[in-house]
Amino acid sequence: MTGGPAEETGPDVPHPWPVPAAPAPEHVEPRHRLHPLSPALHGAKSLVVVIAGLSWSTLSRVGFGTFAAMVAVLALGATVLSVVSWYNTGYHVVGRELRVYEGLVWRRTRAIPLERLQAVEVVRPLLAQLTGLAELRLEVVGGGKTEAPLAFLSVADATALRTRLLDLAGQAPHAAIPETATAGPPVPVGRPLHTVTNRDLLVSQLLTPQAFMLPVGVAFVVAQFLTEGSWSFIAVASTVTAMAGVLLQPIRRVLDDWNFRLDRDGDRLRIRNGLLETRAQTVPLNRVQAIGVTWPLLWRAKGWLRLRLEVAGYSAAEPDDRNRPDRLLPVGDLPTGEMITAEVLPGVVVSALPLTAPPPPARWLRPLSWRVLGAGLAERVFVVRSGLVTRQLTIVPYARIQSVRVVQGPLQRRLGLATVHADTAGGAGAAALHRDLAEAWALAAELTARARAARLSD
């Protein structure tokens, strides 16, 4: 027998790499399954998709009997697959990790380190509300989407698991109990902060450009009838379809923010909202990366504003803002907004934040809105302002700044301007637009120093 040198495999020959000693066996809790009704809910959703996919034309071609048989067969297949998936899906907590097991042919295990946990949501779609179930969704740092959506659990199990995961996420790596020492006086548990009235919510969505498009569409159809003396089906149908599409976003926002309530529970915020799909979101305050304040044009007459959170893990949420789980205040006045902001960022007063405008050369790049632009350094936060029609204010705590960049475009170089970006772990951060070049470098150096000092103090 010929070939290369024989491979030594005897017991006394050491491996070319170090082999760690086997850890001592420890007690691991058994895997938990999802609620037994989970396959039924997934099957019901699949049935809706199947019926929508087959369409009315299929029914007219094959007849009602064949159509019903096709729906039954496809729904049965989807239900069987849901049952098999439920049987092979499990989860349990190992140390400071949540492990989720799934898959029949291709087994997959997801291990989610709880120190990266940003927020936990208990979501109850309409079918889940009717059956007393809930879905648990986790948001983690750097997640491109929601991690480990456990659908479905009983409401009690989902709430208990949420509390357990948040407690473990707040522990030091080898701590036995969560850290509770915080600066300042203790905060009462479960203290209500604010409830948005549904009337204000409805009025706020009526004061949107989408709502003002409705009379324009109706006037167009009526004008066509008056000029031509007859209704045009195509014109009416296209106008109705367009108006439905335009109004869909405000209607969704009303449904999503219905019965909005904000509570303070120790060092966490609890946000509850929703009509057809209820949400109970829990956000640790130390995970908040920034707060955004928005004054839409049509809201300014009533003195209303909107607050949103920037939390790491939410940056890849839906781009249309429909189900973004970052709402802090859907609509409210300035005193309410300042009260809530002070709960999240103690000592920050929105109306008293220092802001300086960019130099006059910025008018060549922003001829209409250069006077609105602003940036400033407060005691604990970096703040920037922008927007002519929709005024926006972004507040970033120094401790949450991950990096600072000075960026110059071709036109900025000719004008001696630059933009200073303060990046956070959660997403866009804040950008001081079109500052004088020397000021921009000084601002970047000051932000870097304050961010380093704030992280050390934390």
Side-chain angles (χ1 to χ4, degrees), residues 34-52 78 82 86 89 118-140 143 145-163 165-166 194-202 204-205 208 210 244-245 247-263 268-283 306-309 311 313-331:
L34 303 177
H35 195 277
L37 288 179
S38 299
L41 269 66
H42 289 299
K45 292 193 296 184
S46 301
L47 178 61
V48 174
V49 174
V50 165
I51 294 176
S82 298
W86 168 82
T89 299
Q118 296 297 305
V120 183
E121 285 186 282
V122 176
V123 181
R124 302 189 66 196
L126 183 59
L127 287 177
Q129 294 182 51
L130 296 176
T131 53
L133 302 182
E135 178 180 352
L136 196 70
R137 299 179 185 176
L138 276 62
E139 303 291 343
V140 300
K145 59 180 182 179
T146 299
E147 293 285 348
L150 299 176
F152 293 88
L153 305 169
S154 69
V155 175
D157 289 344
T159 303
L161 182 58
R162 176 186 63 184
T163 302
L165 295 179
L166 287 170
H194 184 65
T195 299
V196 176
T197 64
N198 294 327
R199 177 183 175 276
D200 287 349
L201 187 62
L202 289 169
S204 70
Q205 293 308 310
T208 59
Q210 295 93 332
L247 293 175
L248 189 59
Q249 185 177 19
I251 291 174
R252 283 176 169 174
R253 284 184 174 176
V254 170
L255 295 177
D256 291 339
D257 292 330
W258 195 260
N259 291 331
F260 187 94
R261 190 176 73 191
L262 180 66
D263 298 328
R268 302 166 185 167
L269 287 178
R270 296 197 184 275
I271 304 170
R272 297 174 176 85
N273 58 291
L275 180 60
L276 299 182
E277 180 179 270
T278 63
R279 291 171 175 267
Q281 178 191 7
T282 302
V283 181
R306 179 170 58 237
L307 298 179
R308 67 170 182 84
L309 290 171
V311 180
Y314 285 169
S315 59
E318 298 183 38
D320 64 355
D321 276 347
R322 182 213 164 199
N323 278 331
R324 286 180 65 94
D326 58 359
R327 295 173 182 83
L328 184 57
L329 178 66
V331 59

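Residue numbers count from 1 along this sequence.
Every residue meeting the side chain to side chain contact (heavy atoms under 4.5 Å, CB included) condition with Asp200, not counting sequence neighbours, appears here in chain and number order: Thr197, Trp304, Val331. Partners of Pro39 by side chain to side chain contact (heavy atoms under 4.5 Å, CB included), not counting sequence neighbours, listed by chain and number: Ser82, Val83, Trp86. Under the side chain to side chain donor-acceptor pair (under 3.5 Å) criterion, Asn273 pairs with no residue, sequence neighbours left out. Considering only residues two or more places apart in sequence or on other chains, Arg270 meets the side chain to side chain donor-acceptor pair (under 3.5 Å) condition with Asp265, Thr282. Partners of Ser154 under the side chain to side chain donor-acceptor pair (under 3.5 Å) rule, at least two apart in sequence or in another chain, are Asp157. Arg124 meets the salt bridge (Lys or Arg N to Asp or Glu O under 4.0 Å) test with no other residue; sequence neighbours excluded. Listed by chain and number, the residues in a side chain to side chain donor-acceptor pair (under 3.5 Å) with Thr159 amount to none (sequence neighbours excluded). Residues satisfying the side chain to side chain contact (heavy atoms under 4.5 Å, CB included) test with Ala280, not counting sequence neighbours, are Val122, Arg162, Arg272. Every residue meeting the ring-ring contact (aromatic ring centres under 6.0 Å, His included) condition with His42, not counting sequence neighbours, appears here in chain and number order: Phe152. With sequence neighbours excluded, the residues forming a side chain to side chain contact (heavy atoms under 4.5 Å, CB included) with Leu276 are Leu255, listed by chain and number.
At a threshold of 4.5 Å between non-hydrogen side-chain atoms, the residues Arg268 and Leu166 count as touching. By the 4.5 Å heavy-atom criterion applied to side chains, Leu133 and Val155 are not counted as neighbours. Side-chain atoms of Leu262 and Leu329, non-hydrogen and from C-beta on, never get closer than 4.5 Å to each other. The side-chain heavy atoms of Asp257 and Leu275, taken from C-beta on, include no pair separated by under 4.5 Å. The shortest side-chain heavy-atom distance between His194 and Asp263 does not fall under the 4.5 Å cut-off. Within the 4.5 Å cutoff, side-chain heavy atoms of Thr278 are placed close to those of Gln129.
Between the CG atom in Leu269 and the CD atom in Gln281 there is a gap of 8.5 Å [rounded to 0.5 Å]. Note that the CG atom of Leu150 and the CG atom of Leu161 stand 6.5 Å from one another [nearest 0.5 Å]. Expressed to the nearest 0.5 Å, how far CZ of Arg253 lies from CD of Gln205 amounts to 6.0 Å. Interatomic distance, Leu37 CG to Thr131 OG1, rounded to the nearest 0.5 Å: 6.0 Å.
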- [ ] Could you check Arg327 against Arg308 for side-chain contact (heavy atoms from CB on, under 4.5 Å), going step by step and ending with a plain yes or no?
- [x] CA-CA 5 Å; Arg327 295 173 182 83; Arg308 67 170 182 84; over 6 Å; no

TODO: With side-chain contact (heavy atoms from CB on, under 4.5 Å) as the test, would you mind laying out the steps for Arg279 and Val123 before giving the verdict?
DONE: CA-CA 4 Å; Arg279 291 171 175 267; Val123 181; 4.1 Å; yes

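Pairing each heavy atom of Leu136 with each of Ala158, the nearest pair is CD1-O, 3.7 Å. Between Val140 and Gln118, the shortest heavy-atom distance links the atoms C-CG, 3.9 Å. Across all their heavy atoms, Leu127 and Ala44 have their closest contact at CD1-CB, 3.9 Å.
Paired with Phe260 under the rule side-chain contact (heavy atoms from CB on, under 4.5 Å), one option of Leu201, Ile271, Asn198 passes, and it is Ile271.
Residue pairs satisfying the salt bridge (charged side-chain N to carboxylate O under 4.0 Å, His left out) criterion with at least one member in residues 127-136, sequence neighbours excluded, are listed as follows: Glu135-Arg137.
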